[in-house]
Amino acid sequence: MTKENCFDEMWGREAQLRPPYVAFDDWLKGEDPSRLRRKQREAEEVFRLTGITFNVYGRAEAAERLIPFDIIPRIIAGREWARLARGIEQRVRAINAFLHDIYHRQEIVRAGRLPVEMIARNAAFLPQMIGVTPPGGVYTHIVGIDLVRTGDDDFYVLEDNARTPSGVSYMLENRETMLQMFPELFSRNRVRPVSNYPRMLHRSLAACAPAATTGTPVVAVLTPGIYNSAYYEHSFLADKMGVELVEGHDLRVVNGRVAMRTTQGYQPIDVLYRRVDDDYLDPMNFNPESALGVPGILDVYRAGGITIANAPGTGIADDKAIYSYMPDIVEFYTGEKAILQNVPTWRCSDPKALAHVIDNLADLVVKEVHGSGGYGMLIGPTSSKKELAAFRDKLKAKPGNYIAQPTLALSTVPILTNAGLAPRHVDLRPYVLVSPEGVTITPGGLTRVALKKGSLVVNSSQGGGTKDTWVLEE
Amino acid sequence: MLGKTAGGLYWMSRYLERSENTARLVEAGQRIALTRSSADDEWVSVLQTAAVLSGYRQKYAEVTREQAIDWMLRDRDNPSSVLSVAESARNNARVVRTALTREVWEAVNECWMVLKQALARRVIERDLPQVLGTIRQRNAFVRGAMHGTMLRNDIYNFVRIGTFIERSDNTARILDVKYYILLPSAMAVGSNLDTAQWESILRSVSGEGGFQMTYGQQVRPREIAQFLILDKRMPRSLSFCADKLRDNLAYLSEDYGTRLPSRDLADALCARFLSCPIEAIFDFGLHEFIQDYLRATAALGRQTEVDYRFYE
């Protein structure tokens, strides 16, 4: 694709400054580029000192890396956000209703709107969850909806993250850094705050406490430990919520409750915000090799002794094959048309779709159904003939493992480079909290940006960066 | 508080204290080597004091100044090298991040970042004073952040317990390795060599100034022993450390409302070892005394780990 047909969020398609950027552009005109570059370096120093790092698997020499932060904010108008927020809330409510349904009566299958094999033969479907209703009826307490934009009013959902969406600490730290470095920008623009996210998260989790809770709910964050790629975020969230950060070996089942070993003995936990995958959660019920989980926690869970957030088995809702059914799922459970569009998706398990994908591979993006983090995906337009041929073989060998989508002309936002401002492709992950009290969406979210010119891959594990994301007051 | 967190705080503080103590031992060793003729023997006793001699012997056949300094400051094979303990301290700080103030965490993180840089390559002799200064300064920043920003609660108590277990161990080992030059029989000798050794002992606990303020210009072994063992004003003396251990364990007892065996051990430590005149210690035998003291503090450390459930 060429740069010309991309929508730039600052300049539109025709180099016309868009309204949300007017005050920012005014400020930018008075800034000396060398000062901005100095600020950029200062920002990196702040991140390094704070220890906002992520671990890269399989690279001992660079075990901890910074996610590059770009100081040019991405700005979304209040009006634009209002529509997005409605669409996100609708989608998240549908996902929760869907999860309840497929672990209970499976009405959507009975109604013929979803083929039964999408569930029955899906590795993300947990039979242990059949008939289990989580406390408060909430499955996905925390959701990240990945959005991309292609025009003024054209947003698409790229992915739903219904397991353990990460990155929210970057959203918060990016804003803190910007407030420190450019206070004057926040005097000139009315930017909706994000800093109460940890408080909302705690409140939302506490509102889902199980029946066994006595007194104020005890919340804890479960981490795989300091070598996990997102450890910084786990400790950040526990710290900001003022709750304990626990590992599997701090926990055991005591008198039918999951309890943590404190300096004064075992104390029960009511709500566990776990950042450990389903498979590692309980060596007695899932992967027996896991040292990260708590033996027997699933039995306590099923007996109503603890809330696990997100609930086990939510992965089926963000499965990439299920994704292609999301417009139907939204309509089925909400009775309304989906406000947010899906990217057209070919399911390679379908022979006709597979043939189309193989013929048009050079124009498509192909993803693994169960993959994440940008690993194992193919971007047709930027791949060599050899890579395309190799991928064709993979597709033919295991078609059910893949979906394909057209390469979208992702919108761009300027970043600061040594040669001045230059457009780069972005996506957006807003963070959504669900509790019996309702759905809360933090204005904005995490903007990920592909730092390489022309690149469409924004994942931090693949060299992407982040930006502060502003939603302006209406 | 999680038991693991208490353990993490305790070990973070021990490692921080150890890095500073090691820097001080290297400094004293270097000083004595520069002011005497053949002094490689001195590095044997320095390595011994830092409790890293046996590891060193496995790697090197002979003891030389360069190798000893490298082993103590930056060898990854030595788990007590400054570089190793700076990293261990920081890893523990990451584990207990939620118990630390932002200031303390950043001070520990920056300490590690700066030392990793400073110790990336073998330290040449000319740079040694500056590098040792950096190690001490970085530790001072951490201590200052702790002092100025932490609540005086159980978190702080575990930090203090770790600090004083490590510090008292360090001072006791200095005395253990050098006890023979502090015996009353040595007093008669008082050669230049002895004076240099006595000064070196004081230097290895940053005690030269304090000693002079208390006892004047004349350096005598009896006073050095008194100063390092019994002087409650000296922040690295055994008595000072034991008092702090007893106090912090008492605060924990009060805070948690339970009296645990570690508190009895701390009371016994103060009563049994540190409430007698220095002459009684000489009569008992300085060497035996130090050995007993080292065993008692090690037992206290282990009991604290058990009482507060550091591990499963």
Undergrad: If you count heavy atoms of other groups shown closer than 6.0 angstrom to CZ of A:Arg199, is the number above 12?
TA: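 Incorrect, the count does not exceed 12.
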Undergrad: Would you say NZ of B:Lys59 has more than 12 non-hydrogen atoms from neighbouring residues, nucleotides or ligands within 6.0 angstrom?
TA: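 Correct, the count exceeds 12.
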Undergrad: More than 12 heavy atoms of other residues, nucleotides or ligands under 6.0 Å from CZ of B:Arg152: is that the case?
TA: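 Counting other residues, nucleotides and ligands, CZ of B:Arg152 exceeds 12 neighbours.
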Undergrad: Pick one of side chain, backbone, both or neither for A:Glu247, based on which atoms fall under 4.5 Å of a heavy atom in chain B.
TA: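 Both backbone and side chain.
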Undergrad: Answer yes or no: does atom CD of B:Gln130 have more than 12 heavy-atom neighbours from other residues, nucleotides or ligands under 6.0 Å?
TA: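 No - once you tally the heavy atoms of other residues, nucleotides and ligands closer than 6.0 Å, there are 12 at most.
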Undergrad: Do you know which of B:Val96, B:Val95, B:Asp307 has the most heavy-atom pairs with chain A at a distance under 4.5 angstrom?
TA: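 Among B:Val96, B:Val95, B:Asp307, the one with the most close pairs to chain A is B:Val95.
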Undergrad: Please give me the minimum heavy-atom distance between A:Val246 and B:Leu2, naming the atom from each residue.
TA: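 In this case the closest contact between A:Val246 and B:Leu2 is CG1-CD1, 3.7 Å.
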Undergrad: Are side-chain heavy atoms of B:Phe310 and A:Thr263 found at a separation under 4.5 Å?
TA: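 They are not in side-chain contact.
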Undergrad: Quick one: of A:Ser235, A:Gly242, A:Ala220, who has the most non-hydrogen atom pairs under 4.5 Å with chain B?
TA: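 The answer is A:Ser235.
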Undergrad: Can you tell me if A:Tyr231 uses its side chain to pair, donor with acceptor, with the backbone of B:Arg94 under 3.5 Å?
TA: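 Pair found, side chain donor or acceptor close to backbone of B:Arg94.
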Undergrad: Working note: A:Leu245 + B:Arg97, criterion side-chain contact (heavy atoms from CB on, under 4.5 Å); need CA distance, chi angles, decisive distance, verdict.
TA: CA-CA 9 Å; A:Leu245 178 64; B:Arg97 174 65 189 85; over 6 Å; no
Undergrad: Taking the side chain as everything from C-beta on, heavy atoms only, tell me whether A:Thr262 gets closer than 4.5 Å to B:Met1.
TA: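 Not touching, per the 4.5 Å side-chain cut-off.
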Undergrad: Does atom OH (A:Tyr280) have a neighbourhood of more than 12 heavy atoms from anything else shown, all under 6.0 Å?
TA: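 No - once you tally the heavy atoms of other residues, nucleotides and ligands closer than 6.0 Å, there are 12 at most.
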Undergrad: Would you call A:Thr50 and B:Arg102 a side-chain contact if the rule is heavy atoms closer than 4.5 Å?
TA: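 A:Thr50 reaches B:Arg102 side chain to side chain.
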Undergrad: About how many Å separate OH of B:Tyr311 and NE2 of A:His249, when rounded to the nearest 0.5 Å?
TA: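 It is 12.0 Å, given to the nearest 0.5 Å.
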Undergrad: For the NE2 atom of A:His234 and the OG1 atom of B:Thr98, what is their distance to the nearest 0.5 Å?
TA: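 That separation rounds to 13.5 Å.
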Undergrad: Say whether, by atom type as modelled, one donor and one acceptor occur between the side chain of B:Arg309 and the main chain of A:Arg261 under 3.5 angstrom.
TA: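 No, B:Arg309 side chain to A:Arg261 backbone: no donor-acceptor pair under 3.5 Å.
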Undergrad: Heavy-atom cut-off 4.5 Å, strictly under: side chain, backbone, both or neither for A:Glu244 against chain B?
TA: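 Just its side chain gets close to chain B.
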Undergrad: Would you say B:Tyr251 has more than 12 foreign heavy atoms packed within less than 6.0 Å of its OH?
TA: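 No, the 6.0 Å shell around OH holds no more than 12 heavy atoms from other groups.
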Undergrad: How long is the gap from CZ on A:Arg48 to CD on B:Glu106, to the nearest 0.5 Å?
TA: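 CD of B:Glu106 is found 14.0 Å from CZ of A:Arg48.
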Undergrad: Please check if the number of heavy atoms outside A:Arg203 that lie under 6.0 Å from its CZ is greater than 12.
TA: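 It does not: A:Arg203 CZ has 12 such atoms or fewer within range.
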Undergrad: For B:Asn91, is it the side chain, the backbone, both, or neither that has a heavy atom closer than 4.5 Å to a heavy atom of chain A?
TA: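 Both backbone and side chain.
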